Student: 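Input: one structure, supplied below.
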Amino acid sequence: MDGFEKKTCVIDARVSTEKQLFSGGLDDQEIVCQRYATSRQWRIVKTYAKSYSGSKEEREDFEYICKEMKVMQKEGTDIDYYLIKSIDRLTRLGSGVYETMKKNLAAIGVELIDAYGVIQPEINKLEHLGVEYEWSRQSPTQIAQIIEAERSKQEVSDILVRMMSTEIALAQKGYQVRRANDGYTNKEIIAEGRKVKIQIPDPERAHFYREMFNLRAKGGLTDPEIVDYINAMGFKTKNQIKWKREGKTKIAIGTIKGKPLTVKQFQRIIKKSVYAGVICEKWTHNKPIWSKSKALISIDTFNTANRGNVYIQVDKANNLK
């Protein structure tokens, strides 16, 4: 087959969560796409494999790949196909975003192909008459592609509803569903026949927060003076791990050091009723409820420290207001 030039492709394998990443989701996609390309004797120019955490990162990742393909084309590397395992691995933002991504690829001369065969090449439906318009070119599976893109979007919505409804219900009962507030650490317990989380005082950091409220409640010191006192005790915000992704591996490359307390941070902390064992947020309809977690300070200390700006009232029946 002298003079025969192989078609070329890039493979895009992506998952939407770290759990999928480390359970082999990317490997599965790569294997399927590699076998598809090999069976058609396509040359794989490059394989992109990563996880993303949201729509913004998904879009930025796709734009980055398109820019790289343009560079490769300018350097003389032809790219015929953008190969994915299935439409739901390209995007889960619906048919509108899917069609835009296809058009962006077509604009640089790259055709989108999926290993499952749902995406079929466009044909001119007026070709037999020797006439062609933009609207006369369409894939025979156009409707199937739209349905698959919308199904993927609906699946994400259904997953979020199931997950969030459980978390909201637990939050409304006073359990902890997010990461712990500073000064606390999360602890798993068994309650209501299942594993749930509560916050317990962090033995290394709880004393900072108790002292903030106690000093504010006692009076005699300005907020900047209280902040200086807390920092003199050794307070710094928690260190944060700095991560870098190399292929499918997330590597810790350093630490972002904690910083001293500022007056603005202190004034925000003082208003947080969670330290008094009370939750009041959007998921509780902005109504106060008792937390299942242990309070670091008393209601009286909280009220005195806040000087009337925020006030928790408890009636004789132990109801909050």
Side-chain angles (χ1 to χ4, degrees), residues 167-168 170-189 191 196-243 252 254-321:
E167 291 192 350
I168 292 170
L170 288 172
Q172 290 176 349
K173 292 179 179 180
Y175 294 107
Q176 183 69 10
V177 294
R178 304 181 183 93
R179 68 180 182 180
N181 292 276
D182 196 12
Y184 284 108
T185 184
N186 282 344
K187 179 183 179 181
E188 273 194 352
I189 63 170
V196 293
K197 290 179 182 177
I198 59 169
Q199 295 189 120
I200 60 173
D202 185 332
E204 296 180 358
R205 300 185 64 82
H207 65 289
F208 292 127
Y209 290 85
R210 290 193 184 101
E211 196 65 13
M212 289 182 208
F213 282 94
N214 288 333
L215 288 173
R216 188 56 131 57
K218 286 178 183 177
L221 294 177
T222 64
D223 287 355
E225 288 172 336
I226 294 173
V227 168
D228 288 341
Y229 185 92
I230 299 298
N231 286 332
M233 290 173 60
F235 179 92
K236 285 189 177 180
T237 56
K238 283 187 173 181
N239 292 341
Q240 303 291 325
I241 298 173
K242 190 174 182 180
W243 298 96
T255 302
I256 302 172
K257 297 292 186 180
K259 297 180 180 179
L261 183 68
T262 67
V263 173
K264 284 187 177 180
Q265 287 173 331
F266 168 71
Q267 291 171 345
R268 285 197 298 268
I269 289 166
I270 287 296
K271 294 179 181 179
K272 290 187 176 182
S273 62
V274 66
Y275 293 108
V278 175
I279 300 171
C280 185
E281 57 153 292
K282 180 179 179 180
W283 285 0
T284 65
H285 308 294
N286 294 314
K287 294 180 179 179
I289 65 169
W290 288 111
S291 172
K292 302 289 186 183
S293 303
K294 182 176 176 61
L296 292 185
I297 58 168
S298 68
I299 299 290
D300 287 341
T301 299
F302 178 86
N303 288 339
T304 307
N306 275 281
R307 302 168 183 170
N309 291 322
V310 183
Y311 187 82
I312 301 172
Q313 181 178 318
V314 186
D315 64 20
K316 293 181 180 179
N318 209 36
N319 295 317
L320 292 166
K321 188 176 179 182

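Model, not experiment: these values are computed from the prediction.
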Student: Establish, from distance only, whether the side-chain atoms of Y209 and D182 form a donor-acceptor pair under 3.5 Å.
Tutor: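 Side-chain D/A pair, Y209 to D182: present.
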
Student: Taking D202 for the side chain and T185 for the main chain, is one N or O donor matched with an acceptor at less than 3.5 Å?
Tutor: no

Student: Looking at every heavy atom in both A305 and F213, which two are closest together, and how far apart are they?
Tutor: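 A305 and F213 have their closest heavy atoms at CB-O, 3.7 Å.
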
Student: Does atom NZ of K218 have more than 12 heavy-atom neighbours, drawn from other residues, nucleotides or ligands, at distances under 6.0 Å?
Tutor: no

Student: Flag this pair as yes if the NZ/CZ of R179 is under 6.0 angstrom from the six-membered ring centre of Y184 and inside a 45 degree cone about the axis; otherwise no.
Tutor: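 No, R179 does not lie over the aromatic ring of Y184.
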
Student: For residues T284 and A171, report the shortest heavy-atom separation together with the two atoms involved.
Tutor: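 Looks like CG2-O, 4.2 Å.
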
Student: Would you say T255's side chain and K257's backbone share a donor-acceptor pair under 3.5 angstrom?
Tutor: no

Student: List the atom of L261, the atom of V227, and the distance in Å for their closest heavy-atom pair.
Tutor: O-CG1, 3.2 Å

Student: Judged by atom type as modelled, is there a donor-acceptor pair below 3.5 Å linking the side chain of Q265 to the main-chain atoms of T262?
Tutor: yes

Student: Does N303 form a side chain to side chain contact (heavy atoms under 4.5 Å, CB included) with I299? I'd like the steps, not just the answer.
Tutor: CA-CA 6 Å; N303 288 339; I299 299 290; 3.6 Å; yes

Student: Can any side-chain N or O of E211 pair as donor or acceptor with the backbone N or O of I230 at less than 3.5 Å?
Tutor: no

Student: Looking at T304 and A217, would you say the former's side chain and the latter's main chain have a donor-acceptor pair under 3.5 Å?
Tutor: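 No.
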
Student: For R307, check salt bridge (Lys or Arg N to Asp or Glu O under 4.0 Å) against everything at least two apart and list the hits.
Tutor: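 Applying salt bridge (Lys or Arg N to Asp or Glu O under 4.0 Å) to R307 gives none.
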
Student: So, S298 versus T301: side-chain donor-acceptor pair below 3.5 Å or not?
Tutor: yes

Student: What are the two closest non-hydrogen atoms of V177 and E167, and how far apart are they?
Tutor: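 Heavy atoms only, the tightest pair is CG1-O, 3.5 Å.
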
Student: Which atom names give the shortest non-hydrogen contact between Q267 and D223, and what distance separates them?
Tutor: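 Smallest interatomic distance, heavy atoms only, reads NE2-OD2, 3.0 Å.
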
Student: Checking R178 now: which residues fulfil salt bridge (Lys or Arg N to Asp or Glu O under 4.0 Å) with it, not counting sequence neighbours?
Tutor: E281

Student: Please check if atom CD in Q313 has more than 12 non-hydrogen atoms from other residues, nucleotides or ligands closer than 6.0 Å.
Tutor: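 More than 12 within 6.0 Å, yes.
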
Student: Please confirm whether the backbone N or O of G308 pairs with a side-chain atom of N306, one donor and one acceptor, at under 3.5 Å?
Tutor: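 No; zero donor-acceptor contacts below 3.5 Å.
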
Student: Taking C-beta and beyond as the side chain, do N319 and V314 meet within less than 4.5 Å on heavy atoms?
Tutor: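 Counting from C-beta outward, N319 and V314 never come under 4.5 Å.
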
Student: Heavy atoms, side chains only, cut-off 4.5 Å: are I189 and K197 in contact?
Tutor: no

Student: For residues A206 and L296, report the shortest heavy-atom separation together with the two atoms involved.
Tutor: CB-CD2, 4.0 Å

